[in-house]
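The analysis underlying the following values was restricted to heavy atoms, covering all of them including side chains, and did not include hydrogens, waters or symmetry mates. Every number for a ligand or one of its atoms is a count from 1 in the order of the listing.
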Amino acid sequence: AIDIRELRSSSGYITLDSGFMNTGSCCSSITFLDGEEGILSYRGYGIEDLAENCTFVEVAYLLDHGNLPTREELSKFSQMLGKYAMVHEDMIRFFDGYPPNSPPMAILSSMVNSLCSFYPEMLDNPLENIDKMAARLLSKVRTIAAFSYKKSMGQPLVYPRHDLSYCANFLNMMFDSPVKPYEINDTVVKALNKLLILHGDHEQNCSTATVRVAGSARVNLYASISAGINALWGPLHGGANQAVMEMLTQIHEEGGNYKQFIAKAKDPADPFRLVGFGHRVYKTHDPRARIIKKACDDVLTALNISDPLLDIAKELEEVALKDEYFIARNLYPNVDFYSGIIYRAIGIPTNMFTVMFALGRLPGWIAHWKEMWDDPDWRISRPRQVYVGPKRRPFVPLAERT
Ligand code: ACO
């Protein structure tokens, strides 16, 4: 317990809000989120409408520009994405320096940070060049993600193609090979678009807040986003999608007894949590999880796949939602609970799941960095603390210390 007097600092009283549960850090016109009602919209458009009717590129444009693109704007934006899809050949050599089995998120954050060395001309007037920087990031992160997968598989790189859409291009770079050409499947492309749209932005989540905090020191967009990628990596945030699949796989391999895992999650003496459950803001169903659950059924049916992990996930959800422990704490499945099953169905390996989340969250990070940079009320982020260490102590010289 902290003595209230400790909250007083040289500049008055400090609000202590651990985890920023109730602290607003900015005004934003990007994403609206109502955690009690389960409502999510980007720039005023409901997430359900966007996920059903748009491509990821349209939604990226919406998040970063404030409006849905006209046909002409979309065509211009798509051309930019095509133009910037390549990664500098010198950067491609970076991949050779990583040991096998390097975490893809470590590679991604380093590569994104390195972009500012290759495109330094963007750094002087960031807002004048923001469209170019955004297109570079959206396009190159996709290429870097696919290349890092190919490298990890020891397969030759597949370069981006001009004739393919954003998601089809990514899938082709991931799965095409000289021995087995990749066939683009519309169901898979649609599912990937949906997943990326649903991850597009989520107001002041941990990684977005990190992008803003880093950027508030006036660090460049690439470095700020690299910081966000590292925050996303955590298993309590974006890393949860990988952790969910590992948990479901473990349940499956141990005979499917999910009730044992529910009991473990409820045990106050056990730190285990049911991954993919609970959310800081949603105290009801996460609207993204509802859409993803339905998409999961659609994709698996269309691809004629029967995945025992989906059955376990559904049964686990049904039982948990009726359990007093989960009801009392408002714990519902979050966006990560079903997304991994779709990624698995379309062939994305588990250790790439958080990279996929990063790809989807990019437009949100860019939009927030831009909004923060342009804010007339901008100030460097510098929270205070409540000091709880020792009071002033007499100094003891080295020779006298015991
Ligand atoms: N399983 C079991 N119990 C849980 C879970 C869970 N997944 N999540 C929260 N609880 C319990 C806590 O033990 C705590 O119980 P108590 O009051 O008896 O101590 C209570 O619910 C509140 O939990 P907090 O940790 O205080 O909630 P917070 O808002 O800080 O955490 C978080 C939210 C991190 C998402 C949490 O629910 C969690 O760890 N979930 C699992 C990881 C996960 O799925 N993360 C992805 C989140 S979505 C995203 O980032 C994209």
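- Among protein heavy atoms, atom 50 (O) of ligand 1 sits closest to His237 ND1, 2.9 Å.
- The nearest non-hydrogen atom to atom 24 (P) of ligand 1, considering only Arg329, Arg280, His199, Arg273, comes from Arg273.
- Remark: Arg329 is positioned above the aromatic ring of Tyr325, its terminal NZ or CZ atom under 6.0 angstrom from the ring centre and at most 45 degrees off the axis.
- Applying ring-ring contact (aromatic ring centres under 6.0 Å, His included) to Phe277 and the options Phe261, Phe337, Tyr282, Tyr332 leaves one that passes, Phe337.
- Residue-ligand proximity, Gly276 to ligand 1, at heavy-atom distances under 4.0 Å covers atoms 43 (C), 44 (O).
- Residue, atom and distance of the protein heavy atom nearest to atom 35 (C) of ligand 1 are Gly278 O, 3.7 Å.
- Geometric assessment of Arg218 against the ring of Trp378 yields a positive cation-pi assignment under the 6.0 Å and 45° thresholds.
- Of all protein heavy atoms, the one lying nearest to atom 40 (N) of ligand 1 is Phe277 O, 2.9 Å.
- Checked against a 6.0 Å centroid threshold, the rings of Phe56 and Phe170 do not count as neighbours.
- Ring pair His65/Tyr61 is parallel by interplanar angle, where below 30° counts as parallel and above 60° as perpendicular.
- Against a heavy-atom cut-off of under 4.0 Å, Phe357 is close to the following atoms of ligand 1: 51 (C).
- The aromatic rings of Phe175 and Tyr182 sit tilted, their planes meeting at an angle between 30° and 60°.
- Between His202 and His368, a ring centre-to-centre spacing not shorter than 6.0 Å is recorded.
- With respect to atom 48 (S) of ligand 1, the closest heavy atom belonging to the protein is His279 CD2, 3.7 Å.
- Ser25 is linked by a side-chain contact (heavy atoms from CB on, under 4.5 Å) to Gln204, counting only residues two or more places apart in sequence or in another chain.
- Residue-ligand proximity, Ala240 to ligand 1, at heavy-atom distances under 4.0 Å covers atoms 43 (C), 44 (O), 45 (N), 46 (C).
- At least one protein heavy atom sits closer than 4.0 Å to atom 3 (N) of ligand 1.
- The nearest heavy-atom contact from the protein to atom 7 (N) of ligand 1 is Leu274 O, 2.7 Å.
- Atom 19 (O) of ligand 1 is never approached by the protein to below 4.0 angstrom, counting heavy atoms only.
- Contacts between Asn205 and ligand 1 below 4.0 angstrom, taking non-hydrogen atoms only, are absent altogether.
- A side-chain donor-acceptor contact under 3.5 Å links Arg142 to the backbone of Tyr166.
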Inset, instruction - Check step by step if side chain to side chain contact (heavy atoms under 4.5 Å, CB included) holds for Ile262 and Phe326. - result: CA-CA 10 Å; Ile262 295 180; Phe326 290 85; 3.7 Å; yes
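- Applying the 6.0 Å contact sphere to CZ of Arg392 captures no more than 12 heavy atoms from other residues, nucleotides or ligands.
- What sits closest to atom 10 (N) of ligand 1 on the protein, heavy atoms only, is Leu331 CD1, 3.7 Å.
- Against a heavy-atom cut-off of under 4.0 Å, Val335 is close to the following atoms of ligand 1: 51 (C).
- Looking only at heavy atoms of the protein, atom 11 (C) of ligand 1 is closest to Tyr325 OH, 3.5 Å.
- Considering each of Pro235, Pro271, Ser207, the one bringing a non-hydrogen atom nearest atom 42 (C) of ligand 1 is Pro235.
- For atom 28 (P) of ligand 1, the nearest protein heavy atom lies under 4.0 Å away.
- At a distance under 4.0 Å, no protein heavy atom can be found next to atom 22 (C) of ligand 1.
- Remark: Glu246 engages no residue in a salt bridge (charged side-chain N to carboxylate O under 4.0 Å, His left out) (not counting sequence neighbours).
- Listed by number with element, the atoms of ligand 1 under 4.0 angstrom from any heavy atom of Leu236 are 39 (O), 45 (N), 46 (C), 47 (C), 50 (O).
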